[in-house]
Amino acid sequence: MEDREKEAIGQVAGLGSGLFTGAKIGAVVVPIPVVGPFAGAVLGGLLGSELGKTAGKAVINGATAFVDTFKAPDPATD
């Protein structure tokens with residue numbers, strides 16, 4: 001998998017989680033019924049998508065390395 005694909009996956013995941021988290025925080029910070037969640041979702045989505053690009057690539061690389069350790073032959077049995 002290329003780095004560009006990993007960044008895209010992380011960006012979408014970050015966007016989704018940022019939207020939901022931002023909407024919840026926005027509803028608390030700005031207690032106006034539609035305005036608070038909307039503003040929070042917009043800010044959360046922007047922040048989440050940018051963080052998701054970087055963190056998503058790192059998480060996918062780490063998970064791939066972890067899974068590859070199970071595929072490698074066990075040196076103790078050789």
- Please confirm whether the backbone N or O of Phe66 pairs with a side-chain atom of Thr69, one donor and one acceptor, at under 3.5 Å? yes

### Query
Near Lys24 NZ, under 6.0 Å, is it more than 12 heavy atoms from other residues, nucleotides or ligands?
no

dist Gln11:CD -> Lys57:NZ (nearest 0.5 Å) comes out at 13.0 Å

When every non-hydrogen atom of Ile60 is compared with those of Thr64, the smallest separation belongs to O-OG1, 2.7 Å

- Item | ILVMFWY cluster, Val29 and Val35 together (side-chain gap under 4.5 Å) | yes

dist Leu15:CG -> Leu19:CG (nearest 0.5 Å) comes out at 4.5 Å

Would Leu51 and Leu46 show up in the same hydrophobic cluster when neighbours are defined by side-chain heavy atoms closer than 4.5 Å? no

Pro37 and Ile32 have their tightest heavy-atom pair at CD-O, 3.9 Å

| said: Can a donor-acceptor pair be found, under 3.5 Å and without considering hydrogens, that links the side chain of Thr21 to the backbone of Gly18? | reply: no

Value for CZ (Phe38) from CG (Leu43), rounded to nearest 0.5 Å, stands at 10.0 Å

